[in-house]
Amino acid sequence: MPQHVSPRGTFRKIADGLKSQIEKDGEMAQLPSAAELMSEHGVSRGVALRVFAALREDGIAERVPGGRWRVMRSGEESERRTLAERLVDVITVDKLAVGESFPSTTELSNRFGVSRPTVSKALDKLAAAGLLSEARQGKQRTVRALPKRTESPES
């Protein structure tokens, strides 16, 4: 039985529909999940993921690690920083000194609205950069160095 509808461009049609929905609903903050797109439009997971990629390229959505895709509105460019970059700011905002305990993975997960494994990966990046101590079971991470705001060398 021949198929009359071409799958080519389906992701773009769905993405355009979501764009229209976002424009109409100023309160829309998250995109539907991949499973919801698959069910609603009768498409594969690959097509649903292409929808998200198209919306990201258009600057309309960004991936939230450990969560749903977030709708981006104009003026939200500052929120596009990585979780690791935002975690570096915790040292400054919380006025932490070298040797002080860094907030726990659970605290940071709640604070930034992402999963604990996502926070752990970002913390590992900060440890690799030398800002935090390595993770050890039963021991809280500590601040090893303060973030540099300028490119001046330190001794």
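Residue numbers run from 1 in the order of the sequence given.
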Checking Arg63 now: which residues fulfil side-chain hydrogen bond (donor to acceptor under 3.5 Å, both in side chains) with it, not counting sequence neighbours? none
Which side-chain N or O atoms in residues 132-142 pair as donor and acceptor under 3.5 Å with protein atoms at least two apart or in another chain?
from   : atom 1 : to     : atom 2 : distance (Å)
Ser133 : OG     : Thr142 : N      : 2.8
Ser133 : OG     : Thr142 : OG1    : 3.4
Gln140 : NE2    : Phe102 : O      : 2.5
Arg141 : NH1    : Ser133 : O      : 3.1
Arg141 : NH2    : Asp124 : OD1    : 2.8

Side chain to side chain donor-acceptor pair (under 3.5 Å): pairs with one or both residues in residues 18-31, sequence neighbours excluded: Lys19-Asp58
Excluding sequence neighbours, so at least two apart, what forms side-chain hydrogen bond (donor to acceptor under 3.5 Å, both in side chains) with Ser115? Thr118
How would you list, by chain and number, every residue that makes a side-chain contact (heavy atoms from CB on, under 4.5 Å) with Glu40, sequence neighbours excluded? none
Under the side-chain contact (heavy atoms from CB on, under 4.5 Å) test, residues paired with Thr105 that sit two or more places apart: Arg116, Val119, Ser120, Leu123
Using 4.0 Å as the upper bound for N to carboxylate O, is an ion pair formed by Glu36 and Arg68? yes
For Ala48, which residues count as a side-chain contact (heavy atoms from CB on, under 4.5 Å) partner, sequence neighbours excluded? Ala34, Leu37, Met38
For residues 115-135, which residue pairs qualify under ring-ring contact (aromatic ring centres under 6.0 Å, His included), counting only residues two or more places apart or in two chains? none
What is the distance from atom CD1 of Ile60 to atom CG of Leu18, rounded to the nearest 0.5 Å? 9.0 Å
Can you list every ring-ring contact (aromatic ring centres under 6.0 Å, His included) pair that touches residues 44-73, not counting sequence neighbours? Phe52-Trp69
So among Leu87, Ile91, Val143, which one has a side chain to side chain contact (heavy atoms under 4.5 Å, CB included) with Leu126? Leu87
If a pair satisfies salt bridge (Lys or Arg N to Asp or Glu O under 4.0 Å) and one of its residues is in residues 91-109, list it, with sequence neighbours excluded. Asp94-Arg111
Can you pull the ring-ring contact (aromatic ring centres under 6.0 Å, His included) pairs that have at least one residue in residues 115-136, sequence neighbours excluded? none
